[in-house]
Every structure is written in structure tokens, then in C-alpha cells.
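Only one structure is covered here, and it is reproduced in the block below.
Counting starts at 1 for both ligands and their atoms, following the listed order. These values consider heavy atoms only, across backbone and side chains, with no hydrogens, waters or symmetry-generated copies.
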Amino acid sequence: MTEPTTARAGRQLAVVTGASSGIGLELAKQFARHDFDLVLAAEDRELDRAAGEVEALGAQVEAVRVDLADYEGVETLVRRVEGAGRPVTALAINAGVGVGGPFVGGAPLDDHLNVVRLNVASAVHLAYRLLPGMVEQGSGRVLITSSVAASAPGPFQSVYNATKAFLSSFAEAVREELKDSGVTVTSLEPGPTDTEFFERAGMQDTRIAQGPKDDPAEVARQGYEALVSGKDKVVAGSARNKVMEAAGHVTPDPLMAKGHRKMSEPGSGS
Ligand SMILES: NC(=O)c1ccc[n+]([C@@H]2O[C@H](COP(=O)([O-])OP(=O)(O)OC[C@H]3O[C@@H](n4cnc5c(N)ncnc54)[C@H](OP(=O)(O)O)[C@@H]3O)[C@@H](O)[C@H]2O)c1
């Protein structure tokens, strides 16, 4: 891997978490195609293969294998980013996992806490560490991968949906605080997308996992474009997602929860 410690003319530096697969890998490819060098983070060995794919697009890439659900893992990533000695001009806080099934009598507590640690704590932690540098330099673009799930309570994904509601609120609030700083914060809100997400969450037997899904490359393209234009959020993927997201803002929560249950209850798939 050629480490992005020396800036080549015209190339900026982007950091992408959860970059080993799915939406994060496709976001990394978007950055590479638009002349960014990259620091990519994920936990497992698959990251090295992903980094190779991104490097083949002409970017210098540093792959950082860390557990971002762990405080020290985030600190390690920050040190590696700082070690590049280059300003970070784009940051995609994307790593995230879900846990399917009932809250009572389902997955062990630590699985739920892991969702909170990764989706919420590590996002806040990384933003807290990297945003000051962007504000100091007077420019920067931040993308936070939330979900259309942010706008609806999610039975059988109860902790996951709540983390996404947190992220959308956090992104919008920090964006407003930074409105005169030259730094923008954009929330990426995909609907069901064809990645490893549902398998990792143990949700293959649900309607939502078996239903139509968007292409992660298209979701990432829309996310990248929203980031560059500094939009507050983008509901990415199909028109169906835009309807779901809009419905979540006008439909009473108990009704949204009932609707979600039909999609996410174990065994709801065929
Ligand atoms: N797929 C969907 O339907 C959907 C819809 C809306 C929003 N999203 C969001 O999109 C984001 C990306 O998910 P995806 O769909 O692309 O799923 P994915 O293919 O499973 O990707 C998840 C990424 O997060 C990384 N990750 C997981 N746990 C980690 C940890 N503890 N430390 C560091 N990295 C970790 C994974 O790397 P390792 O394999 O190395 O752990 C992987 O790179 C998530 O925030 C998810 O909530 C997904």
C-alpha cells in the first residue's frame, strides 16, 4: 500500500470508515475517482483487498484496521490520520452495524451495546477529533451515513433505528453550528441496500432483507454528490426510499412502528 503521507499536486485527503465493503467501499471509490487520496478504516482483513481496489483507481491509500466500537480503536485511527501530515478535506463516517430480532430474549446485551458503540459513540468520537482541524482550515466536507430508518421506530431493529435517528439529528445540529465555518455536514440516508448489512444483522429471514434493494454504488454516488454540493441530507436510492422517509415525518410513530414490524419481524420473509 502506498501511504498518503506526501500530497501529490491537486489531490486532497479523505477518510472513510467502514470502507471494506458495501456503501463505504463504494464511497471510497467515488473519492478515488475524484482525485482524493484516502485513509480507509475497517476491522477485518477484507479491508486490505478493498484498499487494493481503491488504489487501482489511482489513489494513494492507507488502510487502518481498527475496531471502531472500541475507544482506543478510534484514537488509533485519529493518530494514523494525523500521521499523514495532510489536511483532511473530506470525512465519511460510515461504519455501522445492526442487530435484528427481539429486544427481549434475542441477541445478548453486548451485541446491542456494540451497535451503540459503533454507530453512535465512534461517530461522535471521530467527528469530535477531526472536525476542529477542518474548522481551523476553513473548509471541509463531512458525510455521516444514517438511514431512512432514522425517521421510524424499528421493532426488531430497535437499537439500530434509534442509532440512526441519533445520527441524523447530530448531523443536522452540528451542520447548523458550523454554518459560517466553511465546513458542511451531510446526512446520507439510504434505504435497503444490497450489502452485507442484513446478513451481519442476522435478518435474512425478514421481508426487508428479502425485498428489493438498491445498488451500493448508486447510493454512494448520490452520497458523494450531496457531500460535494454541501446539502444537509440525501435520501439515496430508489423513489420508494423517499416516500418511506417522507412518510416517517408525517405518520404517527405507533403506525410507523406497526408498518416496520411487518418488514423486520423474524420469519416475515418467505
Ligand atoms: N445496507 C443497508 O440496507 C443500509 C441502509 C441504510 C443505511 N446503511 C448504513 O450504511 C453503512 C454501511 O453499511 P453497509 O450496508 O455498507 O454494510 P456492510 O457491507 O456490512 O459494511 C459495514 C462496514 O462497517 C465496518 N465495520 C463494522 N463493524 C466495525 C467495527 N467494529 N470497526 C470498524 N469497522 C467496522 C465493516 O468492516 P469489517 O467487515 O472489517 O467489520 C464494513 O466495512 C452503515 O452505517 C449502515 O448502517 C445500510
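- Between Lys231 and Glu225 there is no salt bridge, since no side-chain nitrogen of the basic residue lies less than 4.0 Å from a carboxylate oxygen of the acidic one.
- In this view, Arg117 and Asp110 satisfy the salt bridge (Lys or Arg N to Asp or Glu O under 4.0 Å) rule, not counting sequence neighbours.
- Using a cut-off of 4.0 Å between Lys/Arg side-chain N and Asp/Glu carboxylate O, Glu53 and Lys29 are scored as salt-bridged.
- For the ring pair (Phe, Tyr, Trp, His ring centres under 6.0 Å) condition, no pair includes a residue of residues 245-270, sequence neighbours left out.
- Using a 4.5 Å cut-off on side-chain heavy atoms (C-beta onward), Leu178 and Met134 make no contact.
- The list of side-chain hydrogen bond (donor to acceptor under 3.5 Å, both in side chains) pairs with a residue in residues 192-202, not counting sequence neighbours, is empty.
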Less than 3.5 Å apart, N/O on ligand 1 and N/O on the protein: could you list those pairs with the distances?
residue: ligand 1; atom: 1 (N); partner: Thr193; partner atom: O; Å: 3.3
residue: ligand 1; atom: 1 (N); partner: Thr195; partner atom: OG1; Å: 3.0
residue: ligand 1; atom: 3 (O); partner: Thr193; partner atom: N; Å: 2.8
residue: ligand 1; atom: 15 (O); partner: Thr195; partner atom: OG1; Å: 2.6
residue: ligand 1; atom: 16 (O); partner: Ile23; partner atom: N; Å: 2.8
residue: ligand 1; atom: 17 (O); partner: Thr195; partner atom: OG1; Å: 3.3
residue: ligand 1; atom: 19 (O); partner: Ser21; partner atom: OG; Å: 2.8
residue: ligand 1; atom: 19 (O); partner: Glu196; partner atom: N; Å: 3.4
residue: ligand 1; atom: 21 (O); partner: Ser21; partner atom: OG; Å: 3.3
residue: ligand 1; atom: 31 (N); partner: Asp67; partner atom: OD1; Å: 2.8
residue: ligand 1; atom: 32 (N); partner: Val66; partner atom: O; Å: 3.4
residue: ligand 1; atom: 32 (N); partner: Leu68; partner atom: N; Å: 2.9
residue: ligand 1; atom: 37 (O); partner: Ser20; partner atom: OG; Å: 3.1
residue: ligand 1; atom: 39 (O); partner: Arg200; partner atom: NH1; Å: 2.8
residue: ligand 1; atom: 40 (O); partner: Glu43; partner atom: N; Å: 2.8
residue: ligand 1; atom: 40 (O); partner: Asp44; partner atom: N; Å: 2.6
residue: ligand 1; atom: 41 (O); partner: Arg200; partner atom: NH2; Å: 3.1
residue: ligand 1; atom: 43 (O); partner: Gly18; partner atom: O; Å: 3.1
residue: ligand 1; atom: 43 (O); partner: Ser20; partner atom: N; Å: 3.2
residue: ligand 1; atom: 43 (O); partner: Ser20; partner atom: OG; Å: 2.7
residue: ligand 1; atom: 45 (O); partner: Asn94; partner atom: O; Å: 2.8
residue: ligand 1; atom: 45 (O); partner: Lys164; partner atom: NZ; Å: 2.9
residue: ligand 1; atom: 47 (O); partner: Tyr160; partner atom: OH; Å: 2.6
residue: ligand 1; atom: 47 (O); partner: Lys164; partner atom: NZ; Å: 3.0

